[in-house]
Amino acid sequence: MNLLQSVLGSMLGGGQQASQGGGLGGPLLQMAMSMLANNNSGQAGAGAGNLLDQLRGAGMGNLLDSWIGKGTNLPISAEQLQQVLGSQQISDIASKLGVDTSSVTGQLSQMLPDLVDKLTPDGQLPQGGLGNADAMMGMLQNLLKR
């Protein structure tokens with residue numbers, strides 16, 4: 001079972017606990033979805049085009065395309081994620097969650113490929129984008145029930 005499935009299972013009461021990070025998975029998943037959400041509040045980490053655009057802008061469009069497409073998801077390393085998000089944003093996330101930055105980058109690097117893959121089941125970004133965090137959570141819940 002991958003990290004995303006484990007986190008979703010525990011959040012939805014499936015009895016599965018995230019195997020890493022002692023419960024960090026749920027809050028981190030919610031932050032990841034806010035980073036992918038369409039609305040941009042101007043805050044670091046909010047606004048979806050932000051993360052997707054940041055990946056493309058950092059020359060990692062091939063990774064993103066593999067997550068969106070129907071093939072195998074290419075991995076992103078914690079170091080690559082640190083490069084894309086920047087030290088300040090990673091520090092802010094770690095501070096909010098009360099963990100160290102390596103936990104954030106490590107788990108996000110495991111979670112993001114599967115998260116984007118699950119949010120794009122047709123192998124392409126929806127025309128209107130991924131939607132807001134609540135809509136994404138609803139989509140993930142429906143996918144988990146299948």
Side-chain angles (χ1 to χ4, degrees), residues 1-12 14-126 129-141 143-144:
M1 177 178 289
N2 67 37
L3 179 61
L4 180 62
Q5 290 172 318
S6 178
V7 169
L8 282 172
S10 66
M11 288 177 70
L12 300 175
Q16 296 290 335
Q17 293 297 318
S19 60
Q20 301 176 5
L24 172 63
L28 190 59
L29 175 61
Q30 292 171 339
M31 285 192 171
M33 286 192 297
S34 74
M35 288 188 289
L36 292 169
N38 287 345
N39 60 329
N40 189 345
S41 67
Q43 298 174 349
N50 274 351
L51 183 55
L52 302 181
D53 291 343
Q54 286 173 319
L55 285 163
R56 289 205 191 280
M60 297 179 203
N62 63 323
L63 299 179
L64 183 57
D65 291 342
S66 77
W67 305 345
I68 294 169
K70 292 191 174 202
T72 302
N73 294 332
L74 295 175
I76 186 169
S77 70
E79 293 79 20
Q80 288 172 307
L81 195 56
Q82 176 84 27
Q83 175 189 345
V84 171
L85 296 176
S87 298
Q88 185 60 52
Q89 188 169 349
I90 295 292
S91 291
D92 290 347
I93 293 169
S95 177
K96 287 177 187 174
L97 298 175
V99 297
D100 60 87
T101 58
S102 63
S103 294
V104 169
T105 55
Q107 287 201 28
L108 270 178
S109 67
Q110 290 180 24
M111 192 181 292
L112 278 175
D114 288 333
L115 179 59
V116 174
D117 183 63
K118 298 287 187 260
L119 292 171
T120 56
D122 296 326
Q124 56 188 326
L125 272 174
L130 293 174
N132 63 38
D134 290 337
M136 285 187 271
M137 182 56 81
M139 176 187 278
L140 292 174
Q141 289 172 341
L143 289 170
L144 190 65

Has [X] got a side-chain atom pairing as donor or acceptor with [Y]'s backbone, closer than 3.5 angstrom?
| X | Y | value |
| --- | --- | --- |
| S77 | Q80 | yes |
| D122 | Q124 | no |
| S34 | M31 | yes |

| Regarding D92 and S95, is there a side-chain donor-to-acceptor distance under 3.5 Å anywhere? | no
| said: Ignoring hydrogens and geometry beyond distance, is a side-chain donor-acceptor pair present between Q82 and S87 at under 3.5 Å? | reply: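 There is such a pair between these side chains.
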| task | Test Q54 against M60 for side-chain contact (heavy atoms from CB on, under 4.5 Å), laying out the working first. | result | CA-CA 9 Å; Q54 286 173 319; M60 297 179 203; over 6 Å; no
| said: Please evaluate residues T72 and S66 with respect to the criterion side-chain contact (heavy atoms from CB on, under 4.5 Å), reporting the C-alpha separation (whole Å), side-chain torsions for both, the decisive distance (0.1 Å), and the verdict. | reply: CA-CA 6 Å; T72 302; S66 77; over 6 Å; no
| note | Partner of W67 under side-chain contact (heavy atoms from CB on, under 4.5 Å), picked from L119, N73, T120, is N73
| message | Quick check on side-chain contact (heavy atoms from CB on, under 4.5 Å): which of L81, T105, L108, L64 does I76 satisfy it with? | response |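 That would be L81; it is the only one of L81, T105, L108, L64 passing the side-chain contact (heavy atoms from CB on, under 4.5 Å) with I76.
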| task | Check step by step if side-chain contact (heavy atoms from CB on, under 4.5 Å) holds for L52 and L125. | result | CA-CA 10 Å; L52 302 181; L125 272 174; 4.1 Å; yes
| said: Between L115 and L140, does the side-chain contact (heavy atoms from CB on, under 4.5 Å) criterion hold? Intermediate values first, please. | reply: CA-CA 9 Å; L115 179 59; L140 292 174; 3.5 Å; yes
| So how far is it from Q89 CD to M35 CE, rounded to the nearest 0.5 Å? |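 So the gap between those two atoms works out to 6.0 Å.
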| query | Once you round to the nearest 0.5 Å, how far does CD of Q88 lie from CD1 of I93? | reply | 10.5 Å
